[in-house]
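These notes are about the structure you will find just below.
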Amino acid sequence: MNNISCKNIYKSFQHDNEDMPVLDNINLSITKGDKIAITGASGAGKSTLLQLLAGLDKPSQGNVFIDDIDLQAISSIEQSKVRLNSFGFVYQFHHLLEDLNVFENVLIPQQLKYANNSHESVVKVTDILDQLGLSSRSKHLPWKLSGGEKQRVAIARAIINNPHFLFLDEPTGNLDDENSALVQNLILQIADEHKIALILSTHDTNFANKMNTIYKINNRNIKEV
């Protein structure tokens, strides 16, 4: 998977039988290795656009393509396979499973992909935790971790299956300045090393400026800035 594109996307939600448009005539193309930031005011549609690009939501009109595959034309099972094999996700809140330790949380995508705990998967998780400075925390439950550590675990889980595209929805919005800088640099380093495209939704101007391209959503439209 080398390209994500959307064509003439229109998205609205229903409220009290009224059509509430959020995005209109959105056209965007993202290639493996790109780094893009999507900015805009709260409620502008940044998270909605990420969900549409990742196939987590359906456009009201228009199409989202992964290479030449129309996401709306394939089954939900096939969409899930695309996400599992090609996408990674990091959100503002880590969404770790509280009953699993760090190692087990990061292992989940490998278990879903290969349906077992192979030696290769165990070695891969061990290597990633070491790379992210989390080896000493591998047996800790999430409640024993700091906010920055939790987000690093979320990053490890997001990249364990070698995604081509990493979706980041306000990934540092819940961190202090020190941990925010650490996580930002870590994300950029990983993206460069593994040629992963970054699709970032953020209010953080400094983080946005570290991307190659910045888009702004305003009045339901998107423009490069």
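Along the sequence shown, residues carry numbers from 1.
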Evaluation steps, side chain to side chain contact (heavy atoms under 4.5 Å, CB included), between L166 and I199: CA-CA 6 Å; L166 186 58; I199 304 103; over 6 Å; no
Would you say [X] and [Y] make side-chain contact, with heavy atoms under 4.5 Å?
| X | Y | value |
| --- | --- | --- |
| L200 | M211 | yes |
| N25 | I9 | no |
| L198 | L168 | yes |
| Q131 | I190 | yes |
| T48 | L23 | yes |
| L100 | I108 | yes |
| P142 | N105 | yes |
| S121 | Y114 | yes |

Does the pair N161 and Q110 meet the rule for a side chain to side chain contact (heavy atoms under 4.5 Å, CB included), with working shown? CA-CA 7 Å; N161 282 353; Q110 286 279 290; 2.6 Å; yes
Take a 6.0 Å sphere around CG of N209 and say whether it holds more than 12 heavy atoms from other residues, nucleotides or ligands. yes
Near D99 CG, under 6.0 Å, is it more than 12 heavy atoms from other residues, nucleotides or ligands? no
Taking every non-hydrogen atom, the tightest pair across [X] and [Y]:
| X | Y | answer |
| --- | --- | --- |
| G88 | P163 | N-CB, 3.6 Å |
| P21 | S12 | CA-CB, 3.7 Å |
| E98 | W143 | OE1-N, 3.8 Å |
| L186 | I155 | CD2-CD1, 4.3 Å |
| G62 | Q72 | O-OE1, 4.3 Å |
| V22 | G45 | CG1-CA, 3.7 Å |

Set of residues satisfying side-chain hydrogen bond (donor to acceptor under 3.5 Å, both in side chains) with respect to [X], sequence neighbours excluded:
| X | value |
| --- | --- |
| T31 | N3 |
| N206 | none |
| K216 | none |
| N185 | none |

Applying ring pair (Phe, Tyr, Trp, His ring centres under 6.0 Å) as the test, list every pair that has at least one member in residues 190-214; sequence neighbours left out. none
Any chance you could lay out the side chain to side chain contact (heavy atoms under 4.5 Å, CB included) test for N212 and I36, step after step, and finish with the verdict? CA-CA 6 Å; N212 298 128; I36 77 162; over 6 Å; no
Out of curiosity, [X] [atom1] to [Y] [atom2], how far, rounded to the nearest 0.5 Å?
| X | Y | atom1 | atom2 | answer |
| --- | --- | --- | --- | --- |
| L132 | R157 | CG | CZ | 13.0 Å |
| H95 | F89 | NE2 | CZ | 12.0 Å |
| D70 | D68 | CG | CG | 10.5 Å |
| C6 | L28 | SG | CG | 5.0 Å |
| I4 | F65 | CD1 | CZ | 13.0 Å |
| K195 | D34 | NZ | CG | 12.5 Å |

Hydrophobic clustering (ILVMFWY, side-chain heavy atoms < 4.5 Å, transitive) - are [Y] and [X] grouped together?
| X | Y | value |
| --- | --- | --- |
| L141 | V106 | no |
| L53 | F13 | yes |
| I159 | L107 | yes |
| L56 | Y10 | no |

Could you tell me how the ring of F87 sits relative to the ring of F167: parallel (under 30°), tilted (30 to 60°) or perpendicular (over 60°)? perpendicular
Could you check whether [Y] and [X], counting side-chain N and O atoms only, form a donor-acceptor pair closer than 3.5 Å?
| X | Y | value |
| --- | --- | --- |
| Q14 | E18 | no |
| S180 | Q184 | yes |
| N179 | Q151 | no |
| N8 | Q61 | no |

Output all residues satisfying salt bridge (Lys or Arg N to Asp or Glu O under 4.0 Å) with K35, sequence neighbours left out; order by chain, then residue number.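 K35: salt bridge (Lys or Arg N to Asp or Glu O under 4.0 Å) contacts with D192.
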Please name all residues satisfying salt bridge (Lys or Arg N to Asp or Glu O under 4.0 Å) with R83, sequence neighbours left out, ordered by chain then number. none
Scan [range] for pairs that pass salt bridge (Lys or Arg N to Asp or Glu O under 4.0 Å), counting only residues two or more places apart or in two chains.
| range | result |
| --- | --- |
| residues 37-63 | K11-D57 |
| residues 122-146 | R137-E149 |
| residues 162-179 | none |
| residues 101-110 | none |

Candidate pair I214 and E224, rule side chain to side chain contact (heavy atoms under 4.5 Å, CB included), full reasoning: CA-CA 6 Å; I214 302 174; E224 185 176 344; over 6 Å; no
Donor-acceptor contact below 3.5 Å, side chain S29 vs main chain S5: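 The answer is no, because no donor-acceptor pair under 3.5 Å joins these two groups.
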Hey, is the main chain of I69 close enough, under 3.5 Å, to the side chain of D67 for a donor-acceptor pair?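 Here the side-chain-to-backbone pair does not exist.
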Other cluster members, M20 - Ile/Leu/Val/Met/Phe/Trp/Tyr, side-chain contacts below 4.5 Å: none
